[in-house]
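Report on one structure; see the data block that follows.
Just so you know, residue 1 is the first one in the sequence shown, and it goes up from there. Basis for what follows: all heavy atoms, side chains included, without hydrogens, waters or symmetry-related copies.
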Amino acid sequence: MTAPLVRVDGVSKFYPRVHHPWERMRAFTALLAGREPQRGAEVLHDISLEIQPGESFGVIGENGAGKSTLLKILTGVIKPSRGTVSVNARVAALLELGAGFQPEFSGIDNVRMKASLLGMSAKQLDSRMADILDFADIGEYVHEPVKHYSSGMVVRLGFAVVASSDPEILITDEVLAVGDESFQKKCINWIESYLQRGNTLLMVSHSMYLVQKLCQKALWLHEGRARKQGDVFEVTQSYLAWHETRSAQEKQGRESAAGNNGLYRIDRLTLQGAALEDIPESDSGEDVRLKMGDDIQAEMILHSPDGRPPVALFGIVRADGTPVYGVASEHDGVQPGRIDAHRFRFGIRFKAPALLPGSYSIRGHAMDPEGLRVCDTAELRLQVLGDSRELGFVRLPHEWN
(Lines give C-alpha, C1' and ligand atoms only; values in the text may rest on other atoms or scores of the structure.)
Protein backbone atom coordinates (compact mmCIF):
# COMPACT_ATOMS: atom_id res chain seq x y z
CA MET A 1 0.00 0.00 0.00
CA THR A 2 1.30 3.45 -0.91
CA ALA A 3 2.33 5.57 2.05
CA PRO A 4 0.20 8.72 2.48
CA LEU A 5 1.74 12.06 1.55
CA VAL A 6 -0.04 13.74 4.46
CA ARG A 7 -0.91 12.10 7.77
CA VAL A 8 -2.59 13.93 10.64
CA ASP A 9 -3.07 11.93 13.82
CA GLY A 10 -5.08 13.28 16.76
CA VAL A 11 -4.15 16.92 16.17
CA SER A 12 -5.51 19.57 18.53
CA LYS A 13 -4.68 23.27 18.84
CA PHE A 14 -5.26 25.21 22.03
CA TYR A 15 -4.77 28.96 22.50
CA PRO A 16 -4.52 30.11 26.15
CA ARG A 17 -6.23 33.23 27.42
CA VAL A 18 -3.72 36.12 27.51
CA HIS A 19 -5.95 39.17 27.84
CA HIS A 20 -4.55 40.17 31.24
CA PRO A 21 -0.97 40.13 32.62
CA TRP A 22 -1.77 37.43 35.15
CA GLU A 23 -3.22 35.25 32.37
CA ARG A 24 -0.06 35.67 30.30
CA MET A 25 2.06 34.77 33.34
CA ARG A 26 -0.05 31.67 34.03
CA ALA A 27 0.18 30.56 30.39
CA PHE A 28 3.95 31.14 30.40
CA THR A 29 4.35 29.15 33.61
CA ALA A 30 2.36 26.26 32.15
CA LEU A 31 4.56 26.35 29.04
CA LEU A 32 7.75 26.18 31.12
CA ALA A 33 6.31 23.30 33.14
CA GLY A 34 5.34 21.40 29.99
CA ARG A 35 1.64 21.51 30.83
CA GLU A 36 -1.27 22.58 28.66
CA PRO A 37 -2.92 25.82 29.82
CA GLN A 38 -6.18 25.27 31.64
CA ARG A 39 -8.15 28.16 30.21
CA GLY A 40 -8.45 29.29 26.64
CA ALA A 41 -9.90 28.28 23.30
CA GLU A 42 -9.45 24.89 21.66
CA VAL A 43 -9.79 25.72 17.96
CA LEU A 44 -9.03 22.15 16.81
CA HIS A 45 -9.84 18.93 18.65
CA ASP A 46 -8.54 15.47 17.80
CA ILE A 47 -8.38 15.78 14.01
CA SER A 48 -7.09 12.80 12.02
CA LEU A 49 -6.84 12.38 8.26
CA GLU A 50 -4.70 10.87 5.52
CA ILE A 51 -4.13 12.11 1.98
CA GLN A 52 -2.78 9.66 -0.56
CA PRO A 53 -0.66 10.63 -3.59
CA GLY A 54 -2.84 12.02 -6.37
CA GLU A 55 -5.85 12.72 -4.14
CA SER A 56 -7.68 16.02 -4.01
CA PHE A 57 -9.03 16.88 -0.57
CA GLY A 58 -11.36 19.71 0.47
CA VAL A 59 -11.84 21.19 3.94
CA ILE A 60 -15.19 22.88 4.53
CA GLY A 61 -17.06 24.46 7.42
CA GLU A 62 -18.44 27.76 8.63
CA ASN A 63 -16.22 30.68 9.63
CA GLY A 64 -14.31 29.92 12.82
CA ALA A 65 -14.51 26.15 12.38
CA GLY A 66 -10.69 25.76 12.41
CA LYS A 67 -10.03 25.29 8.67
CA SER A 68 -7.24 27.84 8.31
CA THR A 69 -5.66 26.70 11.58
CA LEU A 70 -5.47 23.16 10.22
CA LEU A 71 -3.75 24.32 7.04
CA LYS A 72 -1.26 26.42 9.02
CA ILE A 73 -0.39 23.35 11.08
CA LEU A 74 0.09 21.27 7.91
CA THR A 75 2.41 23.88 6.40
CA GLY A 76 4.41 24.31 9.61
CA VAL A 77 3.35 27.90 10.25
CA ILE A 78 2.15 26.90 13.72
CA LYS A 79 2.66 23.80 15.84
CA PRO A 80 -0.15 21.59 17.16
CA SER A 81 -0.80 21.49 20.90
CA ARG A 82 -1.34 17.74 20.68
CA GLY A 83 -1.00 15.10 18.01
CA THR A 84 1.42 14.55 15.14
CA VAL A 85 1.65 15.74 11.54
CA SER A 86 3.68 14.15 8.75
CA VAL A 87 4.03 15.70 5.27
CA ASN A 88 6.25 13.72 2.92
CA ALA A 89 6.35 15.79 -0.24
CA ARG A 90 7.35 19.13 -1.75
CA VAL A 91 4.67 21.61 -0.68
CA ALA A 92 3.57 24.99 -2.00
CA ALA A 93 0.96 26.94 -0.05
CA LEU A 94 -1.29 29.93 -0.66
CA LEU A 95 -2.74 30.65 2.76
CA GLU A 96 -3.22 34.40 3.14
CA LEU A 97 -3.12 37.41 0.89
CA GLY A 98 0.40 38.79 0.69
CA ALA A 99 1.91 36.01 2.79
CA GLY A 100 5.63 35.95 2.05
CA PHE A 101 5.54 39.20 0.05
CA GLN A 102 7.45 42.29 1.13
CA PRO A 103 5.15 45.28 0.54
CA GLU A 104 7.98 47.74 -0.08
CA PHE A 105 9.57 45.59 -2.80
CA SER A 106 8.44 45.41 -6.38
CA GLY A 107 6.43 42.52 -7.74
CA ILE A 108 9.37 41.18 -9.73
CA ASP A 109 11.60 41.22 -6.64
CA ASN A 110 8.93 39.39 -4.64
CA VAL A 111 8.65 36.79 -7.39
CA ARG A 112 12.37 36.08 -7.08
CA MET A 113 12.18 35.78 -3.28
CA LYS A 114 9.10 33.56 -3.28
CA ALA A 115 10.54 31.35 -6.02
CA SER A 116 13.70 30.81 -4.00
CA LEU A 117 11.62 29.90 -0.94
CA LEU A 118 9.84 27.30 -3.07
CA GLY A 119 13.17 25.73 -4.00
CA MET A 120 13.58 27.11 -7.52
CA SER A 121 17.11 27.89 -8.65
CA ALA A 122 17.97 31.16 -10.38
CA LYS A 123 18.35 29.29 -13.68
CA GLN A 124 14.93 27.66 -13.31
CA LEU A 125 13.33 30.99 -12.45
CA ASP A 126 14.88 32.72 -15.46
CA SER A 127 13.50 30.03 -17.76
CA ARG A 128 10.02 30.33 -16.21
CA MET A 129 9.81 34.07 -15.60
CA ALA A 130 7.97 34.81 -18.84
CA ASP A 131 5.35 32.18 -18.03
CA ILE A 132 4.93 33.54 -14.49
CA LEU A 133 4.37 37.09 -15.69
CA ASP A 134 2.02 35.90 -18.43
CA PHE A 135 -0.02 33.87 -15.92
CA ALA A 136 -0.21 36.76 -13.41
CA ASP A 137 -1.13 39.22 -16.19
CA ILE A 138 -0.67 42.40 -14.12
CA GLY A 139 1.27 44.28 -16.78
CA GLU A 140 3.70 47.00 -15.76
CA TYR A 141 2.50 46.83 -12.17
CA VAL A 142 5.02 44.04 -11.72
CA HIS A 143 7.67 46.77 -11.35
CA GLU A 144 5.66 48.67 -8.71
CA PRO A 145 5.83 48.04 -4.93
CA VAL A 146 3.42 45.33 -3.80
CA LYS A 147 1.86 47.74 -1.28
CA HIS A 148 0.22 49.46 -4.26
CA TYR A 149 -1.44 46.22 -5.44
CA SER A 150 -5.07 45.29 -5.07
CA SER A 151 -5.87 42.05 -3.26
CA GLY A 152 -6.63 40.41 -6.62
CA MET A 153 -3.24 41.42 -8.05
CA VAL A 154 -1.47 39.93 -5.02
CA VAL A 155 -3.28 36.62 -5.53
CA ARG A 156 -2.47 36.66 -9.26
CA LEU A 157 1.23 37.07 -8.58
CA GLY A 158 1.36 34.55 -5.74
CA PHE A 159 -0.58 31.88 -7.63
CA ALA A 160 1.56 32.39 -10.74
CA VAL A 161 4.76 31.67 -8.79
CA VAL A 162 3.25 28.63 -7.09
CA ALA A 163 1.99 27.27 -10.42
CA SER A 164 5.44 27.61 -11.95
CA SER A 165 7.04 25.63 -9.11
CA ASP A 166 4.81 22.60 -9.89
CA PRO A 167 4.73 21.22 -6.30
CA GLU A 168 3.75 17.69 -5.34
CA ILE A 169 1.15 19.09 -2.92
CA LEU A 170 -0.68 22.38 -3.36
CA ILE A 171 -2.36 23.79 -0.25
CA THR A 172 -4.68 26.74 -0.77
CA ASP A 173 -7.01 28.62 1.56
CA GLU A 174 -9.88 30.41 -0.22
CA VAL A 175 -7.52 32.73 -2.07
CA LEU A 176 -9.37 32.36 -5.37
CA ALA A 177 -12.40 34.09 -3.88
CA VAL A 178 -10.83 37.53 -4.40
CA GLY A 179 -9.79 36.99 -8.03
CA ASP A 180 -11.89 38.15 -10.95
CA GLU A 181 -13.86 35.62 -12.97
CA SER A 182 -11.37 35.24 -15.82
CA PHE A 183 -8.49 34.63 -13.41
CA GLN A 184 -10.54 32.14 -11.39
CA LYS A 185 -11.22 30.18 -14.58
CA LYS A 186 -7.51 30.24 -15.42
CA CYS A 187 -6.62 28.94 -11.95
CA ILE A 188 -9.26 26.22 -12.04
CA ASN A 189 -8.05 25.06 -15.45
CA TRP A 190 -4.49 24.93 -14.12
CA ILE A 191 -5.55 23.00 -11.00
CA GLU A 192 -7.43 20.46 -13.14
CA SER A 193 -4.35 19.89 -15.32
CA TYR A 194 -2.21 19.78 -12.16
CA LEU A 195 -4.38 16.97 -10.75
CA GLN A 196 -4.39 15.13 -14.07
CA ARG A 197 -0.59 14.95 -13.80
CA GLY A 198 -0.99 12.92 -10.60
CA ASN A 199 -0.35 15.70 -8.09
CA THR A 200 -2.16 16.30 -4.79
CA LEU A 201 -4.43 19.15 -3.71
CA LEU A 202 -5.62 20.26 -0.28
CA MET A 203 -7.96 23.22 -0.38
CA VAL A 204 -10.26 25.22 1.87
CA SER A 205 -13.28 26.80 0.24
CA HIS A 206 -16.76 28.05 1.05
CA SER A 207 -17.80 27.24 -2.51
CA MET A 208 -19.33 23.78 -2.48
CA TYR A 209 -19.38 23.88 -6.29
CA LEU A 210 -15.59 24.27 -6.42
CA VAL A 211 -15.05 21.59 -3.76
CA GLN A 212 -17.27 19.14 -5.64
CA LYS A 213 -15.62 20.04 -8.95
CA LEU A 214 -12.00 19.75 -7.81
CA CYS A 215 -11.97 17.36 -4.84
CA GLN A 216 -12.50 13.64 -4.38
CA LYS A 217 -12.74 13.66 -0.58
CA ALA A 218 -13.70 16.25 1.99
CA LEU A 219 -13.55 17.00 5.71
CA TRP A 220 -16.32 19.00 7.39
CA LEU A 221 -15.05 20.88 10.43
CA HIS A 222 -17.56 22.17 12.96
CA GLU A 223 -16.39 24.12 16.01
CA GLY A 224 -12.93 22.60 15.67
CA ARG A 225 -14.12 19.00 15.42
CA ALA A 226 -14.43 16.65 12.47
CA ARG A 227 -18.17 16.34 11.94
CA LYS A 228 -17.92 14.26 8.77
CA GLN A 229 -15.19 12.95 6.48
CA GLY A 230 -15.23 10.90 3.30
CA ASP A 231 -16.62 11.12 -0.23
CA VAL A 232 -16.87 14.74 -1.35
CA PHE A 233 -20.50 14.56 -2.46
CA GLU A 234 -21.70 12.93 0.74
CA VAL A 235 -19.81 15.38 2.97
CA THR A 236 -20.74 18.54 1.07
CA GLN A 237 -24.38 17.57 0.75
CA SER A 238 -24.57 16.90 4.49
CA TYR A 239 -22.97 20.27 5.15
CA LEU A 240 -25.39 22.07 2.83
CA ALA A 241 -28.33 20.30 4.42
CA TRP A 242 -27.19 21.37 7.88
CA HIS A 243 -26.53 24.92 6.73
CA GLU A 244 -29.90 25.31 5.05
CA THR A 245 -31.73 23.95 8.07
CA ARG A 246 -29.72 26.13 10.44
CA SER A 247 -30.43 29.29 8.46
CA ALA A 248 -34.14 28.57 7.99
CA GLN A 249 -36.37 30.63 10.23
CA GLU A 250 -39.52 28.58 9.77
CA LYS A 251 -39.72 26.59 12.95
CA GLN A 252 -41.74 29.18 14.85
CA GLY A 253 -44.11 29.59 11.92
CA ARG A 254 -44.65 25.84 11.62
CA GLU A 255 -45.31 25.52 15.33
CA SER A 256 -47.87 28.30 15.22
CA ALA A 257 -49.50 26.67 12.20
CA ALA A 258 -49.72 23.28 13.91
CA GLY A 259 -53.35 22.82 14.83
CA ASN A 260 -53.24 20.75 17.96
CA ASN A 261 -56.48 22.47 18.94
CA GLY A 262 -57.90 22.52 15.41
CA LEU A 263 -60.97 20.68 14.27
CA TYR A 264 -59.06 18.53 11.82
CA ARG A 265 -55.60 17.32 12.76
CA ILE A 266 -52.81 15.01 11.70
CA ASP A 267 -52.57 11.90 13.86
CA ARG A 268 -49.62 10.50 11.95
CA LEU A 269 -47.32 11.34 9.05
CA THR A 270 -44.87 8.72 7.76
CA LEU A 271 -42.29 8.64 5.02
CA GLN A 272 -40.99 5.25 3.86
CA GLY A 273 -41.64 3.80 7.30
CA ALA A 274 -40.13 6.70 9.28
CA ALA A 275 -42.70 7.96 11.79
CA LEU A 276 -42.99 11.62 12.65
CA GLU A 277 -42.35 11.01 16.32
CA ASP A 278 -39.16 9.09 15.46
CA ILE A 279 -37.58 11.93 13.46
CA PRO A 280 -34.71 13.63 15.36
CA GLU A 281 -34.45 17.34 16.06
CA SER A 282 -33.88 19.53 12.99
CA ASP A 283 -30.23 20.33 13.72
CA SER A 284 -29.09 16.80 14.51
CA GLY A 285 -28.14 16.07 10.91
CA GLU A 286 -30.03 12.72 10.89
CA ASP A 287 -32.47 13.02 7.99
CA VAL A 288 -34.33 10.36 6.05
CA ARG A 289 -31.90 9.69 3.20
CA LEU A 290 -32.84 8.80 -0.37
CA LYS A 291 -30.88 8.44 -3.57
CA MET A 292 -31.59 10.81 -6.41
CA GLY A 293 -34.45 9.34 -8.46
CA ASP A 294 -35.83 7.11 -5.69
CA ASP A 295 -39.59 7.10 -5.26
CA ILE A 296 -40.92 9.14 -2.33
CA GLN A 297 -43.89 7.58 -0.58
CA ALA A 298 -45.74 9.34 2.24
CA GLU A 299 -48.84 8.57 4.27
CA MET A 300 -51.05 10.67 6.54
CA ILE A 301 -53.67 9.64 9.06
CA LEU A 302 -56.05 12.56 9.61
CA HIS A 303 -58.55 12.95 12.45
CA SER A 304 -61.99 14.39 11.76
CA PRO A 305 -64.12 15.38 14.80
CA ASP A 306 -67.40 15.28 12.88
CA GLY A 307 -66.69 12.22 10.74
CA ARG A 308 -66.59 14.14 7.45
CA PRO A 309 -63.58 13.31 5.23
CA PRO A 310 -61.00 16.13 5.41
CA VAL A 311 -58.76 17.26 2.56
CA ALA A 312 -55.07 16.27 2.63
CA LEU A 313 -52.32 18.42 1.14
CA PHE A 314 -48.81 17.08 0.51
CA GLY A 315 -45.94 19.39 -0.34
CA ILE A 316 -42.18 19.28 -0.93
CA VAL A 317 -40.07 22.25 0.17
CA ARG A 318 -36.36 22.98 0.39
CA ALA A 319 -34.85 23.36 3.86
CA ASP A 320 -34.77 27.14 3.39
CA GLY A 321 -38.54 27.15 2.89
CA THR A 322 -38.67 27.49 -0.90
CA PRO A 323 -41.70 25.54 -2.22
CA VAL A 324 -40.90 22.88 -4.81
CA TYR A 325 -44.27 21.19 -5.36
CA GLY A 326 -47.62 20.76 -3.66
CA VAL A 327 -50.86 18.92 -4.40
CA ALA A 328 -54.14 18.44 -2.51
CA SER A 329 -56.35 15.38 -2.56
CA GLU A 330 -59.28 17.43 -3.87
CA HIS A 331 -57.18 18.54 -6.87
CA ASP A 332 -57.14 14.97 -8.14
CA GLY A 333 -60.55 13.96 -6.81
CA VAL A 334 -59.05 11.48 -4.37
CA GLN A 335 -61.20 10.04 -1.59
CA PRO A 336 -59.42 8.80 1.55
CA GLY A 337 -59.62 5.36 3.05
CA ARG A 338 -61.73 5.34 6.20
CA ILE A 339 -60.05 3.69 9.19
CA ASP A 340 -62.86 4.30 11.69
CA ALA A 341 -65.52 6.91 12.41
CA HIS A 342 -63.02 9.73 12.91
CA ARG A 343 -59.81 8.70 11.14
CA PHE A 344 -58.93 8.73 7.44
CA ARG A 345 -55.87 7.54 5.52
CA PHE A 346 -54.20 9.36 2.61
CA GLY A 347 -51.21 7.94 0.75
CA ILE A 348 -49.14 9.44 -2.07
CA ARG A 349 -46.17 8.30 -4.13
CA PHE A 350 -43.93 10.69 -6.07
CA LYS A 351 -42.54 8.44 -8.78
CA ALA A 352 -38.85 8.94 -9.60
CA PRO A 353 -38.91 12.65 -8.72
CA ALA A 354 -36.31 14.77 -10.49
CA LEU A 355 -35.07 16.38 -7.25
CA LEU A 356 -31.41 17.38 -7.26
CA PRO A 357 -29.24 16.51 -4.23
CA GLY A 358 -30.00 18.62 -1.19
CA SER A 359 -32.09 18.92 1.93
CA TYR A 360 -35.87 18.90 1.63
CA SER A 361 -38.98 18.39 3.73
CA ILE A 362 -42.22 16.57 3.08
CA ARG A 363 -45.06 18.59 4.56
CA GLY A 364 -48.49 17.28 5.31
CA HIS A 365 -51.46 19.57 5.90
CA ALA A 366 -54.87 18.69 7.28
CA MET A 367 -57.56 20.88 5.72
CA ASP A 368 -61.27 21.17 6.34
CA PRO A 369 -63.60 19.15 4.06
CA GLU A 370 -64.11 22.22 1.85
CA GLY A 371 -60.36 22.61 1.33
CA LEU A 372 -60.46 26.26 2.43
CA ARG A 373 -58.56 26.26 5.74
CA VAL A 374 -55.34 24.60 6.90
CA CYS A 375 -56.01 23.19 10.36
CA ASP A 376 -52.82 21.28 11.11
CA THR A 377 -49.30 20.86 9.71
CA ALA A 378 -46.62 18.20 10.15
CA GLU A 379 -43.25 17.78 8.51
CA LEU A 380 -40.60 15.14 7.83
CA ARG A 381 -37.11 15.96 6.67
CA LEU A 382 -35.32 14.07 3.95
CA GLN A 383 -31.98 14.36 2.23
CA VAL A 384 -31.58 13.51 -1.44
CA LEU A 385 -28.11 12.14 -2.23
CA GLY A 386 -26.37 11.86 -5.56
CA ASP A 387 -23.28 12.74 -7.59
CA SER A 388 -24.48 15.86 -9.38
CA ARG A 389 -23.18 19.42 -9.72
CA GLU A 390 -26.31 20.67 -11.46
CA LEU A 391 -27.89 23.78 -9.98
CA GLY A 392 -31.39 24.42 -8.68
CA PHE A 393 -34.03 22.06 -7.27
CA VAL A 394 -34.97 19.69 -10.08
CA ARG A 395 -33.32 18.08 -13.07
CA LEU A 396 -34.93 19.10 -16.34
CA PRO A 397 -34.65 16.85 -19.40
CA HIS A 398 -32.20 18.43 -21.83
CA GLU A 399 -29.80 17.73 -24.64
CA TRP A 400 -26.78 19.57 -26.02
CA ASN A 401 -26.60 20.43 -29.69
Side-chain angles (χ1 to χ4, degrees), residues 241 244-245 248-279 282 287-384 392-397:
E244 289 171 355
T245 302
Q249 300 296 320
E250 293 189 292
K251 186 174 182 179
Q252 183 176 357
R254 291 197 300 271
E255 290 176 347
S256 64
N260 292 330
N261 298 319
L263 293 176
Y264 302 90
R265 67 174 186 268
I266 299 172
D267 279 354
R268 187 174 179 87
L269 170 65
T270 57
L271 175 64
Q272 292 190 334
L276 175 63
E277 57 266 30
D278 297 330
I279 294 297
S282 61
D287 300 350
V288 176
R289 306 175 77 185
L290 303 173
K291 293 182 180 179
M292 188 167 55
D294 282 355
D295 289 355
I296 299 175
Q297 184 168 345
E299 180 186 87
M300 272 198 301
I301 307 299
L302 302 188
H303 178 271
S304 170
D306 56 9
R308 293 189 300 158
V311 171
L313 173 62
F314 288 91
I316 300 177
V317 297
R318 285 281 289 202
D320 61 1
T322 304
V324 177
Y325 181 75
V327 64
S329 57
E330 68 166 359
H331 295 166
D332 296 330
V334 172
Q335 293 299 317
R338 183 183 288 270
I339 299 175
D340 54 34
H342 295 283
R343 292 190 302 159
F344 296 83
R345 176 195 174 276
F346 294 84
I348 193 168
R349 179 191 295 271
F350 298 100
K351 296 183 178 180
L355 295 175
L356 291 177
S359 182
Y360 301 82
S361 291
I362 294 290
R363 285 187 185 169
H365 303 280
M367 305 181 71
D368 59 24
E370 290 75 29
L372 298 178
R373 183 165 66 97
V374 174
C375 301
D376 197 4
T377 299
E379 180 170 313
L380 294 176
R381 298 187 331 175
L382 72 150
Q383 189 175 348
V384 178
F393 300 152
V394 297
R395 169 177 285 168
L396 298 180

Exercise for the section: Please work out whether the ring planes of His303 and His342 are parallel, tilted or perpendicular, with thresholds of 30° and 60°. Expected result: parallel

Handout entry: side-chain hydrogen bond (donor to acceptor under 3.5 Å, both in side chains) involving Gln335 - partner list, sequence neighbours excluded
Key = none

Exercise for the section: Verify whether one side chain among Gln383 and Arg289 offers a donor that lies under 3.5 Å from an acceptor in the other. Expected result: no

Problem - NZ/NE/NH1/NH2 to OD/OE distance under 4.0 Å, Lys291 and Asp294 - result: no

Exercise for the section: Would you give the length of the straight line joining atom OG1 of Thr270 to atom CE of Met300, rounded to the nearest 0.5 angstrom? Expected result: 10.0 Å

Exercise for the section: Mind jotting down which residue pairs meet the side-chain hydrogen bond (donor to acceptor under 3.5 Å, both in side chains) criterion with at least one end in residues 352-362? Sequence neighbours excluded, please. Expected result: Arg318-Tyr360, Ser361-Glu379

Practice task
Would you give the length of the straight line joining atom CD1 of Ile296 to atom CG of Leu290, rounded to the nearest 0.5 angstrom?
Solution key: 5.5 Å

Fill in the blank from the handout: Interatomic distance, CE@Met367 vs OG1@Thr377, rounded to 0.5 Å, equals 9.5 Å

Exercise for the section: Dump the intermediate steps for side chain to side chain contact (heavy atoms under 4.5 Å, CB included) on Asp368 and Val311, then the final yes or no. Expected result: CA-CA 6 Å; Asp368 59 24; Val311 171; 5.9 Å; no

Practice task
Look up atom CD1 in Ile348 and atom CG in Asp332, then write down how far apart they are to the nearest 0.5 Å.
Solution key: 7.5 Å

Completion exercise
Contacts of Arg338 meeting side-chain hydrogen bond (donor to acceptor under 3.5 Å, both in side chains) (sequence neighbours excluded), chain-then-number -> none

Exercise for the section: Give, for atom CG of Leu302 and atom CG of Leu269, the distance between the pair rounded to the nearest 0.5 Å. Expected result: 9.5 Å

